[in-house]
Structure formats: C-alpha cells, structure tokens
Enquirer: 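My questions will all concern the structure given below.
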Number of protein chains: 4
Amino acid sequence: MTANRKSPSRKKTPVKSAAPRRPGKVRRDPERLTAAILDAAMAEFSEHGFAGARVDRISKGAGTVDRMLYYYFGNKERLYQAVLEEAYRRLVDAQRHFVPPEDPVRGMEALITQLWEYYRDHPEFVRLVMSENLLKGRYIQQSETIRQVSLPLIHSVEAVLDSGRRKGLFRADADARFVLMTIMSMGFFQVSNQYTYGFWLADTATPPVRGDDWLAHMQAVVLDHLRR
Amino acid sequence: MTANRKSPSRKKTPVKSAAPRRPGKVRRDPERLTAAILDAAMAEFSEHGFAGARVDRISKGAGTVDRMLYYYFGNKERLYQAVLEEAYRRLVDAQRHFVPPEDPVRGMEALITQLWEYYRDHPEFVRLVMSENLLKGRYIQQSETIRQVSLPLIHSVEAVLDSGRRKGLFRADADARFVLMTIMSMGFFQVSNQYTYGFWLADTATPPVRGDDWLAHMQAVVLDHLRR
Amino acid sequence: MTANRKSPSRKKTPVKSAAPRRPGKVRRDPERLTAAILDAAMAEFSEHGFAGARVDRISKGAGTVDRMLYYYFGNKERLYQAVLEEAYRRLVDAQRHFVPPEDPVRGMEALITQLWEYYRDHPEFVRLVMSENLLKGRYIQQSETIRQVSLPLIHSVEAVLDSGRRKGLFRADADARFVLMTIMSMGFFQVSNQYTYGFWLADTATPPVRGDDWLAHMQAVVLDHLRR
Amino acid sequence: MTANRKSPSRKKTPVKSAAPRRPGKVRRDPERLTAAILDAAMAEFSEHGFAGARVDRISKGAGTVDRMLYYYFGNKERLYQAVLEEAYRRLVDAQRHFVPPEDPVRGMEALITQLWEYYRDHPEFVRLVMSENLLKGRYIQQSETIRQVSLPLIHSVEAVLDSGRRKGLFRADADARFVLMTIMSMGFFQVSNQYTYGFWLADTATPPVRGDDWLAHMQAVVLDHLRR
DNA sequence: CATGAATGAGAATTCATTCAT
DNA sequence: AATGAATGAATTCTCATTCAT
C-alpha cells in the first residue's frame with residue numbers, strides 16, 4: 001500500500017503552524033518578543049482567566065510558537081504571574097504620576113475620578129484581579145514584586161484626608177483604608193460586575209446606571225461621609 | 001478523567017449478586033441524585049470557575065459517575081447554567097423572606113446587614129457571580145429563569161427610601177438603584193476581592209479591615225449620604 | 001449548601017426526552033410502532049450507514065424512545081438486518097408485479113427502464129446496499145429471508161433473452177447473468193457514485209451526464225451487444 | 001480509547017535510561033511517520049468507513065500513538081480527507097503512466113483492462129470511494145487537490161475514440177464521458193457490490209461471474225456499442 | 001405490554017510541556 | 001540562543017445497552 005506515493009509537496013507541516021513567520025520582525029529580538037508574549041498573555045489571561053487561557057492562543061497572539069513561552073517564562077503559571085506583576089506595575093505607574101489638587105474636596109474628587117477612570121479604561125486589569133481572586137490570590141502571594149510595593153494612592157488619600165482634617169472640613173475619624181476601599185469597591189464593582197448586575201432591575205423601568213452618573217454618585221457618597 | 005476509567009481493578013462485579021446493592025447509595029432516586037450533582041457542581045464551579053471545573057470532580061463529589069451528569073444535565077455548560085440558576089434562586093429566596101423594620105434608618109441598616117451577611121455567608125455565590133462576569137455573562141443571558149425574576153431587595157430599598165422621604169428623613173432625590181448598587185458594591189467587593197486588597201496596605205502598619213467594622217462603615221456611608 | 005433549595009418545578013427530566021409524547025398516536029399499537037421504527041431506521045441506516053447510524057435518532061424519528069427499539073428488535077444489529085430485509089422485500093415486490101412486453105427489444109428496454117427507475121427513485125435502497133457491501137455482506141449473509149428469494153428480474157431477463165434468441169434477434173450466447181449485471185452496474189453506479197464521479201471531468205467543458213440520457217445510453221449499449 | 005491509556009502498567013519509564021531507545025521505531029522521521037499514519041488510516045477508513053473507523057486502531061496500525069495523528073493531521077476528518085486525496089493521487093499516478101496502443105480497438109481494450117485491473121487490485125480505493133459517496137461527497141468537495149485534477153484517463157479515452165472515428169471504425173457520435181462512465185460503472189460495481197450481488201442468483205444453478213469473464217464481457221459490450 | 005432510570009466502555013480531542021539538536 | 005518534533009495525561013462527551021418495575 002506504500003507503493004508509488006509521490007508527494008514531494010506534502011510537507012511535514014504539523015497542523016499548528018499556520019501563522020506566517022514574518023522574518024526579521026520579532027525574531028532575534030528577545031526584548032521585543034518577550035514584550036509581545038507578555039502583551040498577548042495579558043490579553044488572554046484577562047479574557048479567559050488562568051484555567052481558560054490557552055498557551056497556543058497566546059503564542060499565536062504574540063506571533064511566535066508555544067515553545068518560546070517556555071523558553072522565556074518557564075511555564076503557564078510563571079507567565080501568568082509575570083502578567084499579574086506587569087498589570088500591577090502599570091497601575092502603580094499610573095498612580096505615581098498623579099498628584100491631587102491642594103483643596104481637600106477637589107483633591108478627593110480628583111482621587112475618585114482617577115481611580116474610576118483607571119478601572120473604566122483598563123478592564124483587562126479588573127478582570128485579571130478577578131481571576132486572581134478566584135484563584136484565592138495564589139500567585140499574588142508568591143510575587144515578591146507585588147508584595148513589596150504598596151499602592152501610591154493610599155498615601156494620596158492619607159494626604160488629602162489630613163489636609164481636610166486640618167482645615168476642619170473632614171471628620172476627624174476618617175480612616176484612609178476605609179475611604180480608599182469604599183472608592184475601590186464602588187469603582188471596581190461597576191466594571192467587574194457589569195454583565196450580571198443588569199438582571200436585578202430587569203422589570204424596573206429605570207435605565208441602567210451610566211458611567212458618568214456613577215462617578216458623580218461615588219464622589220457625593222464619599223464626600224457626604226467625610227464632611228463634618 | 002472519568003471516574004470509572006480510573007479503576008481498572010473494579011471489574012464488572014455481577015449485579016446479580018446477593019449483596020444488598022450498596023446501601024446508602026442514591027440509587028433510584030432521581031430527585032436526590034440531581035440535587036447531589038447540583039450541589040457538587042456548585043461547589044466545583046464556584047471553586048474553580050467554569051474552565052477550571054472538572055466534570056469528574058463533580059461526579060465524585062456527588063457520589064456518582066460522570067455519565068449521570070450528562071444524563072441529567074446534558075453537558076458541562078448546561079450544568080453550569082443550572083448551577084447559576086440555582087444560586088440566584090437561593091439568593092432570591094433568602095431576600096423574599098426578609099422584611100425590613102418600619103423605621104427608615106433601622107430599615108436601611110437592616111437591609112445593608114442582610115445583604116452583607118448574605119455575601120459573607122455565601123462566598124460560593126460571590127465566586128459564581130465573578131466567574132459569570134469573567135465569562136461576560138454568557139450563561140446568565142441565556143437563562144430565562146434568571147432574567148425573568150428581579151431581586152426582591154430592590155423593592156425593599158424603594159419602600160425604605162419612600163418611607164424615609166415621606167418622613168423627611170432622607171433626601172428627596174435618593175435613587176433606589178444607586179443606593180442598592182452602592183450597598184452591593186461595597187459588600188460584594190469585600191468578599192470577592194479579599195485575596196488581593198491586602199497587598200496595597202502592605203507597608204502600612206494598619207491591620208486588615210475587619211468584617212464587622214466594614215458593615216458599620218457601609219451603614220454609615222449610606223446613611224450619611226441619604227440623610228438630609 | 002443543601003439548605004433552602006425549593007424547586008418543585010425542576011423535574012427529573014433527563015435531557016434526552018425533549019419530544020412530546022403524542023398520546024394515543026403510536027402508543028399501544030405494536031404494529032404501527034414497529035413499522036414506524038423500521039421506517040425511521042431505514043432512513044437513518046441508509047443516510048449514515050451502520051456505524052454512522054444513531055439509535056437515538058432512529059427512536060426520535062419514530063416518535064418513541066430508545067428502549068422500544070430494543071424491546072421490538074433486540075439491538076442495533078438486528079434492527080439493521082430487519083431494515084435490510086425490508087428493503088429487499090420491497091425491491092422484490094416491485095419486480096414481481098413487473099411483466100415485460102412481448103417484443104424482445106421492447107422487453108429489454110422496459111427491463112432496463114424498470115431497474116433504472118427503481119434505483120433512481122429509491123436511493124435509500126442503493127445506499128443500504130452500499131453500506132452492506134462496505135460491511136462485506138455481514139448481515140445479508142445472516143439473513144435467511146434474503147438468501148432464500150432470488151430476484152424476480154433474473155427470470156424476466158431470461159425470458160426476454162429466450163424470446164429474442166428464438167426470434168433470431170439476439171445473439172445465441174447471451175447470458176442472463178451478464179446482461180442483468182451489466183444493467184445493474186450501470187444503473188446502480190450512476191446513483192451510488194453520483195457524488196464522486198463529477199470530479200474527473202472537472203476541467204472538461206462537458207456538462208454532467210443527465211439521467212434520461214444515461215437511460216437511453218444503457219439501452220443502446222445493451223441492445224448493441226445483444227443484437228446479432 | 002487512547003493507546004497510552006490502555007496500559008496502566010506501563011509507568012513513566014524514565015527516558016533517561018541507557019537503553020538505545022526502542023530501535024526501529026519511527027522516531028524523528030516526520031516523513032516516515034506521516035506516511036505510516038496515512039497508510040494505516042487508509043486501511044482503516046477503507047475497511048470501516050469514516051464513522052466506523054477508530055482513531056486508536058489507526059495509530060496502533062501506524063506504530064504510534066493517537067496524539068500523533070492529531071499532531072500531523074489535526075483531527076479524524078482531516079485525516080480522512082488526506083487519505084482520500086492520497087487515494088486519488090495514486091489513481092491519477094497510475095493512469096498518468098498509461099499509454100494505450102495505437103490501434104483503436106486494441107487501445108479501447110487496453111483502457112478497459114487498465115481500469116478493471118486497478119479496481120480489482122485496489123479494493124481499498126473502491127471502498128473509500130463508496131464511503132465518500134455514502135457521505136454524499138462531503139470531503140471530496142472540500143478538497144482543492146482533488147477537484148483541481150481530472151482523471152488522465154478521460155483524455156486517453158478521447159484520444160482512442162478520435163483515432164477510431166478517424167479510421168471509420170467507431171461510430172461518430174461516441175461520447176467519451178458516456179464511454180468512460182460505462183467502463184467505470186461495470187468495473188467498479190463488480191468490486192464494490194461483490195458481497196451482495198451473489199444473492200439474486202441464489203437459486204440459479206449458474207456459478208458466480210468470474211473476473212476474467214467479466215473483463216472480456218466489458219470489452220465486448222463497449223466495442224459492440226462503438227463499432228459501426 | 002411497556003417504560004423510566006441508569007450505566008459501562010469507549011471515543012475523539014485537548015492541553016501543557018519536554019525531548020533533542 | 002533558539003526551535004522543530006514529539007508526547008503523557010487527562011478531559012469532555014457519546015453510544016448502545018441493561019436494570020428494575
């Protein structure tokens with residue numbers, strides 16, 4: 001049955017390699033390839049969570065092959081952790097450059113706006129954090145990088161609260177942790193739970209809560225609480 | 001891995017044997033078996049999310065074999081959806097029996113307590129909702145059951161707000177949707193993000209926020225906002 | 001976790017039973033149910049072959065449940081065999097009522113037409129025979145029913161040939177077996193191989209062979225061969 | 001069943017052992033392994049049809065494991081299609097090297113012999129084509145490879161017919177398509193339906209048609225038709 | 001006579017990862 | 001410093017069939 005088979009055309013093309021190699025693009029540029037993998041991995045992990053993420057989709061997204069992920073990152077878990085660290089790094093970077101206005105009320109409003117906009121504009125970060133919580137923080141706890149830094153924002157909050165307290169505008173017992181957590185809760189939830197919260201007002205005639213309205217509401221709630 | 005494939009040792013022990021047929025097994029009791037599967041599935045899906053859940057762990061948890069999941073639920077997706085519906089059914093049931101006190105302030109506090117305790121005591125619900133949001137609400141949208149009912153709590157909130165407004169205690173422009181969402185955000189987040197929020201106060205000397213304190217804070221925040 | 005689950009609505013509906021029962025239709029009418037199963041099975045086996053046929057599709061097609069196939073036919077193999085027998089029974093019935101015209105040439109033409117039309121109008125028979133040949137005649141050989149009867153047509157062919165020979169119209173050495181086989185080959189192939197024979201004249205400008213033309217061609221070929 | 005799942009005994013025998021790594025196995029020879037899989041698959045698909053074919057029998061036949069079929073061919077369907085293409089490639093190759101004799105009558109006889117012998121000697125091809133027709137040509141239609149080439153034989157037939165016509169030996173209206181189809185019908189059927197055609201002359205005393213006699217008959221029939 | 005409940009054994013395919021150069 | 005080849009171990013799901021009343 002092996003007789004006269006003459007197929008010089010049929011290459012040993014394993015089914016996977018459908019992507020054109022793009023010579024000279026990412027090859028021989030470790031920095032760039034690493035970054036490409038990290039980006040693709042962030043997209044994939046944030047889209048599907050850790051368990052749902054697929055190594056081959058990541059490599060395809062990065063324009064390379066599976067093997068390279070292992071070469072540069074070791075395995076799926078370590079890649080996930082690298083993604084998580086990168087996501088937090090970006091968050092911290094964004095907050096580091098932020099300086100709230102002098103005026104306490106303005107300052108608090110700006111803080112809330114800043115956090116809200118970050119969540120709104122970085123759903124991949126939100127989803128990654130959800131994923132990680134679903135994993136009970138397994139990887140964030142293993143990350144020295146993440147555990148060593150703290151959110152710059154907590155200090156901004158403290159500064160604003162201090163200023164407000166000193167000026168007699170804010171209540172004396174305001175606790176930065178509670179205030180920040182309140183802001184984070186409200187901002188995060190709006191993005192993280194957008195696909196399910198619609199259902200409970202299904203038969204209510206009211207339209208869904210709009211983002212801008214929600215920001216105003218957050219600011220009102222927090223300031224109503226802080227003001228003495 | 002299929003449970004029955006796992007044990008090559010357990011040969012086809014002829015059922016005709018005089019033995020009393022494994023007493024305590026859930027044989028010939030569809031209701032019970034279905035419920036057992038659903039419970040096991042809820043545990044598994046809430047623990048690992050949809051992608052991370054394993055069919056064989058569910059069947060093992062339910063004391064049956066994989067095959068039965070397919071017999072009763074068709075496939076993993078439909079089982080997941082059944083779990084989701086069951087989770088919402090339980091939430092709605094819990095809220096249906098709740099009647100807030102007459103006094104508006106007491107009423108609002110009770111509402112907040114009720115929701116907070118539900119989240120705190122049903123982390124599996126919280127995790128399931130997170131999962132579903134990670135899936136962008138794919139299954140909740142397919143569920144007629146869920147989409148048809150609305151949360152009883154929204155009506156309780158409206159009632160309490162009305163009462164408070166009539167008595168001149170609450171601000172006139174209070175919107176039930178915003179109020180409920182505020183409560184849900186804060187309650188949900190505390191449970192859902194418990195594994196990651198610790199890190200940002202890492203170098204702060206302050207201890208983590210305690211549950212009771214958080215409840216009191218939620219009540220204060222909401223009432224500070226509502227009170228005129 | 002088993003707490004307050006109150007779903008009296010969720011029935012033990014195994015996923016399979018989606019079909020409405022249609023009370024009083026096929027129930028309690030063994031004759032009719034058996035026939036319905038046989039018809040559905042013929043459709044299924046001829047469509048998908050033995051291995052590709054699905055028991056549940058057959059039962060659904062017959063408006064009953066899997067269990068009934070086993071009740072009436074024992075198993076898939078026996079059902080297949082019953083279908084095969086039924087198919088041959090119908091072929092034989094069709095041929096039994098056929099009487100070729102007196103005139104040898106007319107007779108032969110009529111014979112060819114009859115066989116051709118049977119194939120053309122009963123592709124399910126053709127497909128069943130293909131299936132059976134793919135199975136190397138496993139079931140036809142087990143069937144006493146089929147093996148006992150012979151095709152009525154062979155006798156018609158013999159009669160027509162005899163008549164033609166006696167009248168000096170047909171060659172003396174004409175063999176009924178070869179003649180019948182020639183007709184069957186050409187008729188069967190046209191139906192059985194309709195999905196693949198198109199390809200080899202792909203680049204030929206000629207259109208596909210039409211059924212009527214093929215019948216005329218068959219008659220010409222056979223008679224050219226028989227005429228002396 | 002996956003071959004490697006079958007043997008719980010064969011534990012992960014460390015590959016690092018000093019043993020010479022199973023000599024004779026097809027390791028690190030993609031060409032050869034691909035070919036082995038294709039051959040085994042052709043045997044399996046032609047023996048059992050698409051639905052009846054078993055992936056694990058193929059891998060076993062190729063001396064490898066299931067996984068490799070997926071590595072090289074993606075899935076069962078694509079493997080089947082590759083087999084189909086290979087089968088046609090071989091047929092076309094066989095015909096390409098065939099040049100009929102000058103003399104029209106000899107040429108036609110040779111053509112018939114060539115086709116007849118191919119069918120007779122390649123029942124796996126015949127069975128594959130039957131399978132594909134049972135599938136209504138689903139895969140052949142998807143195959144660019146097959147659809148692009150046409151049978152070399154059709155040109156040989158045209159050439160012979162032309163020659164015969166020019167010499168006044170063959171009828172003027174002879175159509176290559178009809179002639180080729182006639183030959184194919186008769187040759188194919190004899191092989192494809194060998195397991196069922198026996199039955200209809202069951203009670204006839206005549207012996208089954210022998211291959212050689214059938215070839216002679218085919219030649220006679222075709223030439224009787226062509227000769228003017 | 002009929003049927004709802006249950007199921008063992010397989011079947012295709014996926015997934016992350018390592019081997020070997 | 002890369003990368004093509006290979007693969008073990010699951011994983012979901014299907015299929016015909018039997019149990020039990």
Side-chain angles (χ1 to χ4, degrees), chain A residues 12-14 16-17 21 27-28 30 33 51 53-59 64-72 74-77 79, chain B residues 1-6 8 10-12 15-16 21 26-30 33 53-57 64-72 74-77, chain C residues 12-14 16-17 21 27-28 30 33 51 53-59 64-72 74-77 79, chain D residues 1-6 8 10-12 15-16 21 26-30 33 51 53-57 64-72 74-77 79:
Chain A
K12 45 192 168 171
T13 11
K16 286 195 176 188
S17 68
R21 182 61 64 66
R27 274 168 74 91
R28 300 277 157 184
L33 182 51
R54 293 294 167 256
V55 168
D56 71 308
R57 275 199 298 248
I58 294 173
S59 63
T64 182
V65 294
D66 294 12
R67 191 66 190 74
M68 293 292 90
L69 312 196
Y70 293 92
Y71 188 63
Y72 285 114
N75 59 27
K76 191 184 177 184
E77 298 205 327
L79 177 53
Chain B
M1 178 187 290
T2 317
N4 32 331
R5 208 189 286 131
K6 214 180 269 174
R10 201 217 308 148
K11 287 282 163 74
K12 43 178 176 179
V15 190
K16 296 256 174 184
R21 187 77 49 76
V26 197
R27 280 195 158 240
R28 295 273 147 186
D29 190 344
L33 183 51
R54 290 293 167 258
V55 167
D56 73 306
R57 278 199 298 247
T64 182
V65 293
D66 294 12
R67 187 63 188 74
M68 297 317 289
L69 311 196
Y70 295 94
Y71 182 61
Y72 284 113
N75 58 30
K76 191 182 173 184
E77 298 206 329
Chain C
K12 46 191 168 172
T13 12
K16 286 197 173 186
S17 69
R21 182 62 63 66
R27 274 167 76 91
R28 300 277 159 181
L33 182 51
R54 293 294 168 257
V55 168
D56 71 307
R57 276 200 297 248
I58 294 173
S59 62
T64 183
V65 293
D66 292 14
R67 191 65 190 73
M68 293 291 90
L69 311 196
Y70 293 92
Y71 187 63
Y72 286 114
N75 59 26
K76 190 184 177 184
E77 298 204 328
L79 177 55
Chain D
M1 178 188 289
T2 317
N4 30 330
R5 207 189 287 130
K6 215 180 270 172
R10 202 216 311 148
K11 287 282 163 73
K12 44 179 176 179
V15 191
K16 295 256 174 184
R21 187 75 50 75
V26 196
R27 279 194 159 244
R28 296 274 150 190
D29 189 345
L33 183 49
R54 291 293 166 259
V55 167
D56 74 306
R57 277 199 298 248
T64 182
V65 294
D66 294 12
R67 186 65 189 74
M68 297 316 289
L69 310 196
Y70 294 93
Y71 182 62
Y72 284 114
N75 57 29
K76 192 182 173 184
E77 298 206 328
L79 176 54

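Values below: all heavy atoms of this structure, side chains included; hydrogens, waters and symmetry mates excluded. To find a chain, count down the sequence lines: A is the first, B the second, and so on, and within it residues start at 1.
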Enquirer: Rounded off to whole Å, could you give me the CG-to-P distance for the B:N75 and F:dT12 pair?
Expert: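 It is 11 Å, rounded to the nearest whole Å.
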Enquirer: How many Å lie between CG on D:D29 and P on F:dT7, as a whole number?
Expert: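 Computing the D:D29:CG to F:dT7:P distance gives 12 Å.
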Enquirer: If the test is side chain to side chain contact (heavy atoms under 4.5 Å, CB included), which one of C:L69, C:T64, C:D66 qualifies with C:I58?
Expert: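 The single option meeting the side chain to side chain contact (heavy atoms under 4.5 Å, CB included) with C:I58 is C:L69.
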Enquirer: Does E:dT21 have a Watson-Crick or wobble mate here (both distances under 3.5 Å), and if so which one?
Expert: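 Because both required distances fall under 3.5 Å, E:dT21 counts as paired with F:dA2.
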Enquirer: Look only at the side chain of C:K76 and the backbone of C:A53, and say whether a donor-acceptor pair between them is shorter than 3.5 Å.
Expert: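 The answer is yes, because a donor-acceptor pair under 3.5 Å joins these two groups.
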Enquirer: Just compare E:dT7, E:dT18, E:dA2 and give me whichever is closest to any side-chain atom of B:R67.
Expert: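 The nucleotide sitting nearest to the side chain is E:dT7.
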Enquirer: Map A:A51 and C:Y71 onto DNA chain E by nearest heavy atom, then report which one ends up closer to the 5' terminus.
Expert: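 Counting from the 5' end, the first nearest nucleotide belongs to C:Y71.
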Enquirer: Heavy atoms only: give me the nearest C:Y70-C:V55 pair and the separation to one decimal.
Expert: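 Shortest heavy-atom separation between C:Y70 and C:V55 comes out as OH-CG2, 3.8 Å.
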Enquirer: Does F:dC15 have OP1 or OP2 under 4.0 Å away from a side-chain N or O of C:R54?
Expert: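 For F:dC15, OP1 or OP2 has a side-chain N or O of C:R54 closer than 4.0 Å.
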Enquirer: Rounded to the nearest Å, what distance is computed from the CD1 atom of residue C:I58 to the P atom of nucleotide F:dA16?
Expert: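 Going from C:I58 (CD1) to F:dA16 (P), I get 8 Å.
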Enquirer: Starting at CD of D:E77 and ending at C1' of E:dA12, how long is that distance when rounded to a whole Å?
Expert: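 For the pair D:E77 CD and E:dA12 C1', the rounded distance is 11 Å.
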Enquirer: Considering heavy-atom distances to DNA chain E, does D:A53 or A:K76 have its closest nucleotide positioned more toward the 5' end?
Expert: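 Nearest-nucleotide comparison on DNA chain E picks D:A53.
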Enquirer: Return the value, rounded to whole Å, for the distance between atom OH of B:Y70 and atom P of E:dG8.
Expert: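 Roughly 16 Å, once rounded to whole Å.
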